[in-house]
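Heads up: the structure comes next, in structure tokens.
Because only heavy atoms are used, hydrogens play no part in the values below, and waters and symmetry mates are left out as well, while side chains stay in. Letters A, B, ... are given to chains in the order of the sequence lines, protein chains preceding strands, and every chain is numbered from 1.
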Protein chains: 2
Amino acid sequence: MSRRSSTRERILDAATDLFGLRGVEAVSLDVIAGEVGVAKQTLLYWFPSKDDLVQAVLESAVLELSVGVEAAIRATSDDPLDRIDAVVKAVFRQAVRRPALLGLVREISRLSAPSGDRLHEAFEPLVARAVGYLEREMAQGRLRRADPRLVAALVYATVTGIATEPEALRAVGWQPTTADLRALRSELLAFLRAALAP
Amino acid sequence: MSRRSSTRERILDAATDLFGLRGVEAVSLDVIAGEVGVAKQTLLYWFPSKDDLVQAVLESAVLELSVGVEAAIRATSDDPLDRIDAVVKAVFRQAVRRPALLGLVREISRLSAPSGDRLHEAFEPLVARAVGYLEREMAQGRLRRADPRLVAALVYATVTGIATEPEALRAVGWQPTTADLRALRSELLAFLRAALAP
DNA sequence: GCACCTCTCTACCACATGGTAGAGAAATGT
DNA sequence: ACATTTCTCTACCATGTGGTAGAGAGGTGC
């Protein structure tokens, strides 16, 4: 019982990092097992197939992301721009602390349709809340009026695009250091404020 | 001579699409060869190893992207916001016409460091020009003053984030149709205008 | 004590992968 | 006409993959 959750947890943990950073297809069960320090068979005992492991990793990652973001929202003033700030900061914080988490979102979008649908389902409640929230704030004139679904998609794409791929930003001469990432985040927030202020 | 370039070209073409859409590790040489309709050996004749093929695909993709963007810039009025519009539209156009192109950029950022460096080198001239351009326009007060490298990185990340991953946007309830992608692009342009106007 | 259940292991398999060896066709130069 | 180079093929190989079979260690209930 004690070892039970421990081993399963450690496998899930290592798989999250490896899948998120290197890609699902690029990481073999052997590599994950080696990282955890168990036999591959042990891994296949807990997760009957690689696909099962991928699904489990996905679910736990989405959960972790959602929880972090929701907590950030609640702990902020009710000014909509402040809340958007909080969400962006929360996502960036997680991107720095555990780059694989957002990498997984990107990764899974590339996988088969069923996975994509499950991802959608997992995010659905969070997105619905966000859209409803934006709608209300826009109606009250506290945000520039626009299609809230568009704004949500835009913020989502922008934040994940930046936070997920500091490596990709090297292509435009960027250094993926924490300090530079923070500067980039500040600039992004300024952008969002300018674009969303009423 | 006639078949020469033809076969090589067709291999490069198919590999670009497959690598960009499914990922480099997920696509085997057999699949590419099958798609082109030649034997795997023929493929290995033109590109001695898979890695050589990847490098060649990368170079041609960057070239194609750069050419498209530069052409869009030249054919526009000299208002900086119009030019940014033109770049964004050019990238989106390419994203619709050939989704694999931008997918490759994302894909390669995940590969080994040497590839990332080569990607950087390939983009270097284009980026240097863009940064210099932004700097001049900001100095003349035609754009909001900011760190041009930051702005370049931000625009790059945003545009590729959206244009590359319509599939990922399904996670936030988005439909990756052409019409919706266009609406998203319009919203993005409004964002950029609001954020960059002086 | 003993059956039972949970957990991890070694040994093995069928299959797909990237890559090699080398032969045969087809164009090309002289 | 002949030799040579260019190009594509079939056959094969070593390796790594996801997955199976089944045994053994260690605790738990009765």
Using 4.0 Å as the upper bound for N to carboxylate O, is an ion pair formed by B/Asp13 and B/Arg98? yes
Ranking D/dT8, D/dT20, D/dG18 by distance to the side chain of A/Gln41, first place goes to D/dT20
From C-beta outward on B/Ala39, which listed nucleotide comes closest to its side chain: D/dG19, C/dC9, D/dC9? D/dC9
Whole-Å distance separating the CG atom of B/Asp30 from the C1' atom of D/dC9: 14 Å
Regarding B/Leu29, tell me which of base, sugar-phosphate or nothing describes its non-hydrogen contacts under 4.0 Å with the strands shown. sugar-phosphate
Figure out the CZ/C1' separation between B/Phe47 and C/dG19, and round it to whole Å. 16 Å
DNA chain D: A/Val31 or B/Thr42, which has the more 5' nearest nucleotide? B/Thr42
Electrostatic pair B/Arg83:B/Glu137 at N-O distance under 4.0 angstrom: no
Closest heavy-atom contact between B/Thr76 and B/Asp82? CG2-O, 3.8 Å
Round to a whole Å and report the spacing from CG of B/Asp51 to P of C/dG18. 12 Å
To the nearest 10°, let me know how far the axis at one end of the helix from C/dG1-D/dC30 to C/dT30-D/dA1 is tilted from the axis at the other, five pairs an end. 0°
Would you say the side chain of A/Leu12 lies within less than 4.5 Å of the side chain of A/Trp46, judging by non-hydrogen atoms? no
Would you mind reading off the distance between B/Leu43 atom CG and C/dT17 atom P, rounded to a whole angstrom? 13 Å
note: A/Ile11, atom CD1; D/dG18, atom P; distance rounded to Å ~ 14 Å
Please tell me if B/Tyr45 has a side-chain N or O lying less than 4.0 Å from either OP1 or OP2 of D/dT8. no
Should A/Trp46 be listed as having a side-chain N or O under 4.0 Å from OP1 or OP2 of C/dT6? no
Taking NZ, NE, NH1 and NH2 as the nitrogens, is one of them in B/Arg22 or B/Glu35 under 4.0 Å from a carboxylate oxygen of the other? no
Between C1' on C/dT17 and CD on B/Glu25, what's the gap in Å once rounded to a whole number? 13 Å
Gap between atoms CZ and P, on A/Arg8 and C/dT6 respectively (whole Å): 15 Å
What nucleotide among C/dG19, D/dG19, D/dC9 has an atom nearest to a side-chain atom of B/Leu44? C/dG19
Is any side-chain nitrogen or oxygen of A/Thr7 closer than 4.0 Å to OP1 or OP2 of C/dC7? no
For A/Asp17 and A/Ala100, the nearest pair of non-hydrogen atoms, with its separation, is CA-CB, 3.5 Å
Does a side-chain N or O of B/Ser28 approach OP1 or OP2 of C/dT17 to a distance below 4.0 Å, or not? yes
Looking at side-chain heavy atoms only, is the closest gap between A/Leu53 and A/Phe19 below 4.5 Å? yes
Distance check needed: C/dC9 C1' versus A/Lys40 NZ, whole Å only. 13 Å
The nucleotide from C/dG19, D/dG18, C/dC9 with an atom nearest the side chain of B/Lys50 is C/dG19
Salt bridge or not between A/Arg129 and A/Glu70? Use side-chain N to carboxylate O under 4.0 Å. yes
